[in-house]
Trainee: 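Questions regarding the structure given below will be posed in turn.
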Amino acid sequence: GESVGLHLPTLSVQEGDNSIINCAYSNSASDYFIWYKQESGKGPQFIIDIRSNMDKRQGQRVTVLLNKTVKHLSLQIAATQPGDSAVYFCAEILLGYGNKLVFGAGTILRVKS
Amino acid sequence: DGGITQSPKYLFRKEGQNVTLSCEQNLNHDAMYWYRQDPGQGLRLIYYSQIVNDFQKGDIAEGYSVSREKKESFPLTVTSAQKNPTAFYLCATSDRGIYGYTFGSGTRLTVV
């Protein structure tokens, strides 16, 4: 079946630096792509999403970029803080098929103070 | 977490036993989902339900069963047929026409 995968399993950044987390997806028909943050022992929390007909979307300190040509998704976190340390998942959704989210394996982000 | 209650938070099961994980929501969302997460891995879909009295198998449904008798509730039973049940189980809901999910805080199941 379709899959969503990540390039880097672990990312270490210095506090205050910008972070970039990457994701490759395989289903070109997906309608939305979503980034989630998961802290230890908790459920994933929604960060930001992007529709398939967009190439960039900005939120508070976060930006998601979508490159459909190479099926690549990235999450940029500006001025990374210790509280950003978590596992980050990208996920894709194909509407009309139970609205099922397909998750990637995740990237661990470690912020060094 | 945002109107979704999963219980218990920790659960221990003896081999050969069935156990049921609870998921209750007060968000009035139509769709509910069960995911399994293994250490260092992503989430895999077990079962999902888009409406009361209806549910579908996900990618790893073998050894699991569900029911959806009420809109608010979507319990997951881990049966003795599930050979490797130790994992973190997450329940999620979504509203029709809205793609984003809301997740519960999870149940950690351990076989002893």
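Just so we're on the same page: letters track the sequence lines, and every chain starts at 1.
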Trainee: Looking only at non-hydrogen atoms, find the nearest pair between Q38(A) and F88(B) and report the distance.
Mentor: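 Minimum heavy-atom contact is NE2-CE2, 3.9 Å.
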Trainee: Which atoms form the tightest heavy-atom contact between L90(B) and G43(A), and what is the distance?
Mentor: CD2-CA, 3.6 Å
Trainee: Do I47(A) and L65(A) belong to the same hydrophobic cluster, where Ile, Leu, Val, Met, Phe, Trp and Tyr are linked whenever their side-chain heavy atoms lie under 4.5 Å apart, directly or via other members?
Mentor: no
Trainee: Taking CD in E62(B) as the centre, count heavy atoms belonging to other residues, nucleotides or ligands within less than 6.0 Å. Is the count above 12?
Mentor: no
Trainee: Is L45(B) in contact with chain A via its backbone, its side chain, both, or neither, using a 4.5 Å heavy-atom distance?
Mentor: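 When you check distances to chain A, only side chain atoms of L45(B) fall under 4.5 Å.
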Trainee: For the atom pair NZ (K42(A)) and CZ (F103(B)), what is the distance rounded to the nearest 0.5 Å?
Mentor: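 It is 15.5 Å, given to the nearest 0.5 Å.
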Trainee: Which pair of non-hydrogen atoms, one from Y48(B) and one from K100(A), has the smallest distance, and what is that distance?
Mentor: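 Taking Y48(B) first and K100(A) second, the nearest heavy atoms are CE2-CD, 3.4 Å.
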Trainee: Verify, without hydrogens or angle tests, whether Y36(A) (side chain) and Y101(B) (backbone) share a donor-acceptor contact under 3.5 angstrom.
Mentor: yes
Trainee: Does a sphere of radius 6.0 Å around NZ in K68(A) hold more than 12 heavy atoms from other residues, nucleotides or ligands, not counting ones at 6.0 Å or beyond?
Mentor: yes
Trainee: Please give the remaining members of the hydrophobic cluster of L21(B), linking ILVMFWY side chains under 4.5 Å, ordered by chain and number.
Mentor: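 Members other than L21(B) - counting any ILVMFWY side chain reachable under 4.5 Å - are L11(B), V19(B), M32(B), W34(B), I46(B), Y47(B), F55(B), I60(B), Y64(B), V66(B), F74(B), L76(B), V78(B), Y89(B), L109(B).
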Trainee: Find the distance between CZ (R44(B)) and CZ (F103(A)) and round it off to the nearest 0.5 Å.
Mentor: 13.5 Å
Trainee: Check the surroundings of atom CD in Q14(A): do more than 12 heavy atoms from other residues, nucleotides or ligands lie under 6.0 Å from it?
Mentor: yes
Trainee: CG of L101(A) to OH of Y35(B): how many Å apart, nearest 0.5 Å?
Mentor: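 One gets 4.5 Å once the value is rounded to the nearest 0.5 Å.
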Trainee: What part of Q6(B) gets closer than 4.5 Å to chain A, counting heavy atoms only: side chain, backbone, both or neither?
Mentor: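 Contact with chain A: none, neither part.
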Trainee: Which residue pairs pass the salt bridge (Lys or Arg N to Asp or Glu O under 4.0 Å) test when at least one of the two sits in residues 77-90 of chain A, sequence neighbours left out?
Mentor: R61(A)-D84(A)
Trainee: With clusters defined by side-chain heavy atoms of hydrophobic residues (ILVMFWY) lying less than 4.5 Å apart, directly or transitively, does L75(A) cluster with V13(A)?
Mentor: yes
